[in-house]
Undergrad: 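Below: one structure in structure tokens.
Not measured: the values here are computed from a predicted model. Every heavy atom of this structure was used, including side-chain atoms; hydrogens, water molecules and symmetry mates were not.
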Amino acid sequence: MQHNFLLKDSVYYQLYFTVLKAEPFVKWAGGKRQIIDEIHNFLPQSLEDHEITYIEPFVGGGAVYFSLFNSPNIKKSILIDNNPILIISYKIIKNHLDELIGNLFSLEKEYKKYQDDNFQSNFYYNIRDKYNDLIKISDLEKENPNWIKLASMFIFLNRTCFNGLYRVNSKGEFNVPRGSYKNPNICNSDNLYQVSRALEKSEIYHDDFEKAEQFIDSRSFVYLDPPYRPLKSSGFTSYTKIDFNDDEQIRLAEFCHKIDKLGGKFLLSNSDPKNIDPNDDFFDDLYSKFHIERIYARRNINSNGNERGLVSELLIMNY
């Protein structure tokens with residue numbers, strides 16, 4: 001449903017989109033939509049008791065934040081990720097939404113102009129090449145006119161590539177092949193308007209997760225969804241990002257101890273190595289001081305993609 005690219009300050013925008021909920025605008029490996037109810041069951045009481053600052057140092061697709069942003073006690077949010085294009089897209093949705101929607105609408109219209117697989121495949125790879133070329137010549141830290149183009153192509157590629165993956169080669173080039181979606185929803189203007197509304201009270205940063213430390217105090221709630229530690233099986237490794245190895249997991253655990261010392265509340269998600277090896281106490285040892293819960297999600301942990309089942313995942317918290 002199109003709304004002629006409503007201006008955000010219009011009365012119609014304010015009335016219409018206050019009744020909708022924001023959802024992630026990208027598909028993201030390890031997204032939390034399917035376990036969002038479980039996560040809500042373990043949120044701290046402070047979300048109900050007093051005003052807080054919400055902090056998410058691995059924002060990714062933002063499923064948890066978007067499920068909470070309407071909470072009257074969240075007065076400010078800090079959203080951080082180390083993927084520069086993802087963060088550029090968040091900032092463009094927040095500050096330049098109408099231009100972004102115009103670009104996405106044009107891309108979708110052109111992509112679906114002919115229901116022909118060869119045409120759409122050529123179109124996809126042409127956009128992928130342009131996207132990679134534009135990244136090479138663009139400043140990814142300081143806002144410039146290329147950002148709207150990059151965000152538009154990034155969202156287009158995410159909605160049309162294989163499984164919504166984000167993967168780059170050794171040259172830093174996005175190299176995910178085209179997916180097989182028959183009618184992908186490339187320009188979801190309703191949700192993009194609501195996402196923009198959800199970001200109004202947010203500060204958005206491209207940085208390492210430890211950037212969050214400067215914002216943490218006794219009235220902070222930090223939700224951490226790092227790249228999952230891969231289970232020793234080929235089917236579960238698509239959750240991981242490059243170089244987030246066990247040393248990084250240990251650094252993250254040390255950061256969680258800092259959060260605790262600063263008086264903040266944190267909730268962290270991760271894989272459960274006991275799915276594969278009952279004697280693997282990696283996370284149980286790292287977080288022995290804190291409360292660890294095991295919940296269940298339907299994931300693929302087998303090299304055979306058809307073999308899926310309920311897999312234990314960890315929720316770790318200091319309350």
Undergrad: Within this structure, what is the CD1-CD1 distance for the pair Ile92 and Ile101, rounded to the nearest 0.5 Å?
TA: 12.5 Å

Undergrad: Heavy atoms only: give me the nearest Tyr65-Ala198 pair and the separation to one decimal.
TA: OH-O, 2.6 Å

Undergrad: Parallel, tilted or perpendicular: which describes the rings of Phe69 and Phe66, with under 30° parallel and over 60° perpendicular?
TA: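 Geometry flag for Phe66 against Phe69: perpendicular rings.
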
Undergrad: Quick one about Asn144 and Asp139 (side-chain donor to acceptor, distance below 3.5 Å, no hydrogens or angles considered), yes or no?
TA: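 Their side chains do not contain a donor-acceptor pair, so the 3.5 Å distance test is not met.
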
Undergrad: Quick one: CD1 on Ile259 to CD on Glu213, what's the gap to the nearest 0.5 Å?
TA: 9.0 Å

Undergrad: Looking only at heavy atoms, which two atoms of Ile80 and Ile87 are closest? And how far apart?
TA: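 That closest heavy-atom pairing would be C-CD1, 4.3 Å.
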
Undergrad: Looking only at heavy atoms, what is the nearest atom pair of Ile148 and His96, with distance?
TA: CD1-CB, 4.0 Å

Undergrad: Given 3.5 Å as the limit, does a donor-acceptor pair link the side chain of Asn270 with the main chain of Tyr228, or not?
TA: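 No, Asn270 side chain to Tyr228 backbone: no donor-acceptor pair under 3.5 Å.
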
Undergrad: Is it the case that the side chain of His206 and the backbone of Asn82 share a donor-acceptor pair, with hydrogens and angles ignored and the cut-off at 3.5 Å?
TA: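 Yes; judged by distance alone, with no hydrogens or angles, the pair exists.
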
Undergrad: Look at the side chain of Ser218 and the backbone N and O of Gly264, then say whether any donor-acceptor pair between them is shorter than 3.5 Å.
TA: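 Side chain of Ser218 to backbone of Gly264: no pair is present.
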
Undergrad: Would you say that Ile316 contacts His291 through its side chain, given a criterion of any heavy-atom pair below 4.5 Å between the two side chains?
TA: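 No. Closest side-chain heavy atoms not under 4.5 Å.
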
Undergrad: Check whether Ser89 reaches the backbone of Ile85 with its side chain - one donor and one acceptor, N or O, closer than 3.5 Å.
TA: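 Indeed, once roles are kept as given, a pair shorter than 3.5 Å links the two residues.
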
Undergrad: Is a donor from one side chain sitting under 3.5 angstrom from an acceptor on the other, for Arg159 and Asn185?
TA: no

Undergrad: Give the minimum heavy-atom separation between Ile88 and Leu140, together with the two atoms involved.
TA: CD1-O, 3.8 Å

Undergrad: With a 3.5 Å distance limit and no angle check, can you tell me whether Asn132 reaches the backbone of Phe174 through a side-chain donor-acceptor pair?
TA: yes

Undergrad: Do Glu38 and His40 meet the criterion of a side-chain donor-acceptor pair at a distance under 3.5 Å?
TA: no

Undergrad: Rounded to the nearest 0.5 Å, what separation is found between the CG atom of Leu86 and the CG atom of Asp81?
TA: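 It is 5.0 Å, given to the nearest 0.5 Å.
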
Undergrad: Can you find a heavy atom in the side chain of Lys112 that is under 4.5 Å from one in the side chain of Pro184?
TA: yes

Undergrad: Is it true that atom CD of Glu48 has more than 12 heavy atoms of other residues, nucleotides or ligands lying nearer than 6.0 Å?
TA: no

Undergrad: Between Met153 and Lys130, does the side-chain contact (heavy atoms from CB on, under 4.5 Å) criterion hold? Intermediate values first, please.
TA: CA-CA 9 Å; Met153 289 188 281; Lys130 289 181 178 179; 4.0 Å; yes

Undergrad: Quick check: closest heavy atoms across Leu231 and Pro273, and the distance to 0.1 Å?
TA: CD2-CA, 3.7 Å

Undergrad: Going through the checks in order, is the side-chain contact (heavy atoms from CB on, under 4.5 Å) test met by Ile35 and Asp37?
TA: CA-CA 6 Å; Ile35 61 170; Asp37 291 339; over 6 Å; no

Undergrad: Does a donor on one side chain sit under 3.5 Å from an acceptor on the other, for Tyr90 and Ser202?
TA: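 Judged by distance alone, the side chains do not pair up.
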
Undergrad: Atom SG in Cys187, atom CG in Leu100: separation rounded to 0.5 Å?
TA: 7.5 Å

Undergrad: Go through it in stages, so that I can follow the logic: the residues are Ile292 and Phe283, the test is side-chain contact (heavy atoms from CB on, under 4.5 Å), and I'd like the CA-CA distance, side-chain angles, deciding distance and then a yes or no.
TA: CA-CA 9 Å; Ile292 300 176; Phe283 287 123; 5.7 Å; no

Undergrad: Counting heavy atoms not belonging to Asp49, are there more than 12 under 6.0 Å from its CG?
TA: yes

Undergrad: Taking a hydrophobic cluster as the set of Ile, Leu, Val, Met, Phe, Trp and Tyr residues connected by side-chain heavy atoms closer than 4.5 Å, whether directly or through intermediates, do Phe154 and Tyr125 fall within one such cluster?
TA: yes

Undergrad: State, to 0.1 Å, how close Ser271 and Leu314 come at their nearest heavy-atom pair, and which atoms those are.
TA: O-CD1, 3.4 Å

Undergrad: When you check the side-chain N and O atoms of Gln115 and Asn183, is any donor under 3.5 Å from an acceptor?
TA: no

Undergrad: Test Phe266 against every option in Phe255, Tyr223, Phe290, Phe209 by the ring-ring contact (aromatic ring centres under 6.0 Å, His included) rule and name the one that passes.
TA: Phe290

Undergrad: side-chain contact (heavy atoms from CB on, under 4.5 Å) with Asp217: which residues, sequence neighbours excluded?
TA: Arg219, Ser220

Undergrad: Would you confirm whether Asn191, through its side chain, and Glu23, through its main-chain N or O, come within 3.5 Å as a donor-acceptor pair?
TA: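 Between the backbone of Glu23 and the side chain of Asn191 there is a qualifying donor-acceptor contact (under 3.5 Å).
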
Undergrad: Are any non-hydrogen side-chain atoms of Ser77 and Thr53 less than 4.5 angstrom apart?
TA: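 Heavy-atom side-chain distance check fails, nothing below 4.5 Å.
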
Undergrad: Just checking Tyr114: does its OH atom have more than 12 heavy atoms from other residues, nucleotides or ligands closer to it than 6.0 angstrom?
TA: no

Undergrad: Tell me every residue that passes side-chain contact (heavy atoms from CB on, under 4.5 Å) with Tyr319, counting only those two or more places apart in sequence or in another chain.
TA: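 For Tyr319 the side-chain contact (heavy atoms from CB on, under 4.5 Å) partners, ignoring immediate neighbours, are Pro44, Phe221, Lys265, Leu267, Met317.
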
Undergrad: Tell me whether the rings of Phe244 and Phe58 are parallel (<30°), tilted (30 to 60°) or perpendicular (>60°).
TA: perpendicular

Undergrad: So how far is it from Arg251 CZ to Asp246 CG, rounded to the nearest 0.5 Å?
TA: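 Reported value, rounded in 0.5 Å steps: 13.5 Å.
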
Undergrad: Check whether NZ of the Lys or CZ of the Arg Lys94 lies under 6.0 Å from the centre of the six-membered ring of Tyr193 and within 45 degrees of that ring's axis.
TA: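 The answer is no, since Lys94 fails at least one limit relative to Tyr193.
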
Undergrad: For Asp117, enumerate each residue passing the side-chain contact (heavy atoms from CB on, under 4.5 Å) test, keeping only those at least two apart in sequence or located in another chain.
TA: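 Result, side-chain contact (heavy atoms from CB on, under 4.5 Å) vs Asp117: Arg178.
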
Undergrad: NZ of Lys149: more than 12 outside heavy atoms within 6.0 angstrom?
TA: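 Result for NZ/Lys149: open.
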
Undergrad: Could you walk me through whether Phe162 and Ser180 pass the side-chain contact (heavy atoms from CB on, under 4.5 Å) check?
TA: CA-CA 7 Å; Phe162 178 75; Ser180 57; over 6 Å; no

Undergrad: Short question: side chain of Asn275, backbone of Asp272 - any donor-acceptor pair under 3.5 Å?
TA: yes

Undergrad: Can any side-chain N or O of Lys75 pair as donor or acceptor with the backbone N or O of Pro72 at less than 3.5 Å?
TA: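 Checked: pair present.
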
Undergrad: If two hydrophobic side chains count as joined below 4.5 Å and joins carry through other members, does Ile127 share a cluster with Phe119?
TA: no

Undergrad: Does a sphere of radius 6.0 Å around NZ in Lys201 hold more than 12 heavy atoms from other residues, nucleotides or ligands, not counting ones at 6.0 Å or beyond?
TA: yes

Undergrad: Could you check whether any side-chain heavy atom of Lys76 comes within less than 4.5 Å of a side-chain heavy atom of Ile78, counting everything from C-beta outward?
TA: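 Answer yes - side chains close enough.
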
Undergrad: With heavy-atom distances below 4.5 Å as the criterion, would you say the side chains of Tyr54 and Leu68 are in contact?
TA: yes

Undergrad: Drop me the distance from Phe156's CZ to Glu108's CD, to the nearest 0.5 angstrom.
TA: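 Spacing of CZ (Phe156) from CD (Glu108) equals 9.5 Å.
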
Undergrad: When you measure from the side chain of Arg167 to the backbone N and O of Asn175, does any donor-acceptor pair fall under 3.5 Å?
TA: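 The answer is yes, because a donor-acceptor pair under 3.5 Å joins these two groups.
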
Undergrad: With salt bridge (charged side-chain N to carboxylate O under 4.0 Å, His left out) as the criterion, how do Glu173 and Lys136 come out once you've worked through the C-alpha distance, each side chain's angles and the decisive distance to 0.1 Å?
TA: CA-CA 9 Å; Glu173 297 170 333; Lys136 294 174 184 176; 2.9 Å; yes

Undergrad: Can you list the steps and then say if Thr160 with Tyr181 is a side-chain hydrogen bond (donor to acceptor under 3.5 Å, both in side chains)?
TA: CA-CA 7 Å; Thr160 54; Tyr181 308 107; over 6 Å; no

Undergrad: With a sphere of 6.0 Å drawn around NZ of Lys113, does it hold more than 12 non-hydrogen atoms of other residues, nucleotides or ligands?
TA: no

Undergrad: Where the side chain of Arg128 meets the backbone of Val176, is there a donor-acceptor pair that is under 3.5 Å apart?
TA: yes

Undergrad: Starting from the C-alpha separation in whole Å, work towards a yes-or-no answer on ring pair (Phe, Tyr, Trp, His ring centres under 6.0 Å) for Tyr205 and Phe215.
TA: CA-CA 12 Å; Tyr205 298 95; Phe215 304 104; 5.5 Å; yes

